[in-house]
Amino acid sequence: MRKVIYGINLSLDGCCDHTKFGGGKDILEYFTRLMDGVDLIIYGRKTYELMVPYWPDAAKDPNSTKEESEFAWAFDGIEKLVFSRTLTIADDRNTTITHANLGDEIRKLKQQPGGNISIGGVNLPLQLIELGLVDEFNFVIHPVIVGEGRGLLEATGLKENLGLKLIESKILESGCIALHYKKV
């Protein structure tokens with residue numbers, strides 16, 4: 001069965017707003033490695049529009065750093081599925097837009113042969129977490145307290161605790177801590 005893997009950057013105080021802090025080359029390297037074994041990326045509209053066309057363009061930009069280029073090429077080569085009620089046209093050659101039921105579609109995709117499924121953003125992953133469909137979590141904790149912004153789990157409707165087991169922790173060069181958990 002394919003695994004659904006969630007990865008996100010967070011501040012020490014749990015903020016997941018990408019405008020409040022940034023990352024360096026080690027963050028890009030970490031998320032590039034996270035795409036190993038992934039053959040499908042799933043986003044909601046907002047996250048998709050943050051990622052595309054930015055990263056496909058970066059893949060072609062000769063001014064991109066080595067780390068940006070490696071992430072961009074890895075990202076650009078993976079199929080993407082976007083769940084949206086409003087988006088009708090994809091700006092990327094590897095992207096399909098769907099209006100299907102999120103839970104039903106993910107259950108089907110997990111049963112199909114293939115590599116792992118990566119998810120990103122906040123709203124869509126929270127829905128999948130509530131449905132019990134996320135298998136692994138990768139939190140990159142940045143050494144900053146932002147004091148404001150959206151908290152990752154502030155709008156969840158979890159009916160019970162979600163038990164996780166720490167698989168790996170790694171201190172990155174920037175001082176960020178990468179935590180890899182699986183659902184127990």
Side-chain angles (χ1 to χ4, degrees), residues 2-24 27-28 30-32 34-35 38-61 64 68 71-110 116-142 144 146-158 162 176 178:
R2 298 165 87 180
K3 293 186 289 187
V4 173
I5 299 171
Y6 181 36
I8 191 162
N9 291 293
L10 298 166
S11 67
L12 281 170
D13 53 346
C15 177
C16 59
D17 182 339
H18 73 280
T19 66
K20 303 293 182 188
F21 54 94
I27 304 301
L28 285 171
Y30 178 81
F31 281 103
T32 301
L34 204 58
M35 287 189 276
V38 167
D39 66 5
L40 179 63
I41 299 173
I42 298 178
Y43 291 133
R45 180 195 54 83
K46 290 178 187 175
T47 302
Y48 174 72
E49 289 177 339
L50 287 172
M51 301 297 281
V52 174
Y54 183 86
W55 287 111
D57 288 349
K60 300 173 214 147
D61 185 349
S64 292
E68 289 169 336
F71 179 88
W73 280 104
F75 175 83
D76 195 39
I78 298 174
E79 294 292 320
K80 291 156 205 74
L81 180 62
V82 178
F83 284 83
S84 175
R85 290 183 294 270
T86 58
L87 202 58
T88 56
I89 297 172
D91 291 335
D92 181 57
R93 62 182 168 77
N94 292 338
T95 300
T96 302
I97 308 292
T98 185
H99 307 289
N101 176 279
L102 178 64
D104 292 343
E105 190 66 21
I106 300 302
R107 284 181 195 91
K108 279 192 265 184
L109 289 168
K110 286 181 77 161
N116 292 326
I117 301 167
S118 175
I119 58 172
V122 180
N123 293 333
L124 180 138
L126 288 179
Q127 292 174 58
L128 293 176
I129 291 167
E130 289 173 5
L131 293 169
L133 295 173
V134 179
D135 302 296
E136 295 186 10
F137 299 80
N138 292 274
F139 300 119
V140 178
I141 312 300
H142 292 249
V144 61
V146 297
E148 64 178 0
R150 182 174 187 180
L152 177 61
L153 300 173
E154 66 189 31
T156 58
L158 287 176
L162 183 62
C176 294

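Side-chain atoms are counted along with the backbone in the values below, which use heavy atoms only and exclude waters and symmetry mates. Just so we're clear, the structure is a prediction, and the values are computed from it rather than from any experiment. Residue numbers start at 1 and run along the sequence shown.
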CG-NE2 distance between L10 and H18, expressed to the nearest 0.5 angstrom: 14.0 Å
Please report the C-alpha distance between D76 and K60 in whole Å, then the side-chain angles of each, then the deciding distance to 0.1 Å, and finally whether the salt bridge (charged side-chain N to carboxylate O under 4.0 Å, His left out) criterion is met. CA-CA 10 Å; D76 195 39; K60 300 173 214 147; over 6 Å; no
Counterpart residues, side chain to side chain donor-acceptor pair (under 3.5 Å), relative to S11 (two or more places apart): D13
Rounded to the nearest 0.5 Å, how far apart are CD1 of I41 and OG1 of T47? 11.5 Å
R2 side chain to I117 main-chain N or O, any donor-acceptor pair under 3.5 Å? no
Non-neighbouring partners of E105 that pass side chain to side chain donor-acceptor pair (under 3.5 Å), sequence neighbours left out: none
Parallel, tilted or perpendicular: ring planes of Y6 versus F139, cut at 30 and 60 degrees: perpendicular
Side chain to side chain donor-acceptor pair (under 3.5 Å) involving D61 - partner list, sequence neighbours excluded: none
With sequence neighbours excluded, what pairs up with N101 under the side chain to side chain donor-acceptor pair (under 3.5 Å) test? none
Under the rule for side-chain contact (heavy atoms from CB on, under 4.5 Å), what residues qualify as partners of L34, not counting sequence neighbours? Y30, F31, N138
Rounded at 0.5 Å granularity, tell me how far OH in Y48 sits from OG1 in T95. 3.5 Å
Would you please name every residue forming a side-chain contact (heavy atoms from CB on, under 4.5 Å) with T96, sequence neighbours left out? L81
Check for a donor-acceptor pair, side chain of K80 on one end and backbone N or O of F75 on the other, with a separation under 3.5 Å. yes
